[in-house]
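Report on the structure given below.
Predicted model, so just to flag it, every value in this text is computed and none were measured.
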Amino acid sequence: MIERVGQGITRVVRQPVFGGQDRGVSPKGAMDLFSYATGNILLGNNTNDPALEIIVPPVIRFTEDAWFVVTGAGWGRLTVEGSNHAILRHAEVYRAWAGDTLSFGEKRYGFRSYLCYKAVVDEIKGNGPKGRRRGDFRTVASWPDEKGYIRV
């Protein structure tokens, strides 16, 4: 789990649910589906697992050991401080220990970022979730509509 430290503009998101717009029901969900799903796939999560959508970032504290990745809008500097002090690269999987904090620098491009994470339940052989094995990106490379429509 994670917790916000300080103020910011964030929300927990999942995949949108389409089909109710004709009745005035918003599909909700992540605004940048590609970045959201990519983060979950990099961790080996289900593509519908929740993520934190970030517009104005708070400092984020990890309350348990976790793997995480930040996708979407790019930041000039992402830093994890605590037991694993490091400067991070965009869209790359990293490990955080309970009590570590994630800080964001100045935004370089884009609007929304996504923090996807996966709790470390057992030590995994290798250096990352499922030994750095990544999921199937075909699930985000095309989102076909059941009826063949193109969503715009």
| field | Derivation and outcome, ring pair (Phe, Tyr, Trp, His ring centres under 6.0 Å), residues Tyr117 and Phe62 | value | CA-CA 10 Å; Tyr117 59 93; Phe62 292 90; 7.6 Å; no

| task | For the residue pair Ile54 and Tyr114, establish whether any side-chain heavy-atom pair is separated by less than 4.5 Å. | result | no

| field | Same cluster (ILVMFWY, side-chain, under 4.5 Å), Leu115 and Ile87 | value | no

| Does Cys116 offer a backbone N or O that forms a donor-acceptor pair with the side chain of Tyr36 under 3.5 Å? | no

| Which heavy atom of Ser113 sits nearest a heavy atom of Trp75, and at what distance? | OG-NE1, 2.7 Å

| remark: Scanning both residues in full, the closest heavy-atom pair of Val93 with Leu42 reads CG2-O, 3.7 Å

| note | Rounded to the nearest 0.5 angstrom, the CD-CG distance for Glu81 and Leu102 is 10.0 Å

| Inter-residue atom distance His90.NE2 - Ser35.OG, 0.5 Å rounding | 6.5 Å

| message | Ignoring hydrogens, what is the shortest heavy-atom contact between Gly110 and Ala73? Give both atom names and the distance. | response | C-CB, 3.6 Å

| request: Decide, yes or no, whether a salt bridge links Asp100 with Arg61 under the criterion of side-chain N to carboxylate O below 4.0 Å. | output: no

| Value rounded to 0.5 Å, distance of CD in Glu53 from CE in Met31 | 7.5 Å

| field | Close side-chain approach of Val69 and Leu43, heavy atoms under 4.5 Å | value | yes

| said: Between Val80 and Leu88, is the side-chain contact (heavy atoms from CB on, under 4.5 Å) condition met? List the steps. | reply: CA-CA 7 Å; Val80 169; Leu88 314 177; 3.5 Å; yes

| message | Over 60° means perpendicular and under 30° means parallel, so tell me whether Phe68 and Tyr94 are parallel, tilted or perpendicular. | response | tilted

| query | With a distance cut-off below 6.0 Å to the six-membered ring centre and an angular limit of 45° from the axis, does Arg95 pair with Trp97 as a cation-pi contact? | reply | yes

| said: As a test of understanding, state which of Asp49, Thr71, Asn45 forms a side chain to side chain donor-acceptor pair (under 3.5 Å) with Asn40. | reply: Asn45

| request: Could you pull out the closest heavy-atom pair between Pro50 and Val12, with the gap in Å? | output: CB-CG1, 3.8 Å

| remark: One should read off an interatomic distance between Ile60 CD1 and Leu78 CG, to the nearest 0.5 angstrom, of 9.5 Å

| task | Look only at the side chain of Lys107 and the backbone of Ile55, and say whether a donor-acceptor pair between them is shorter than 3.5 Å. | result | yes

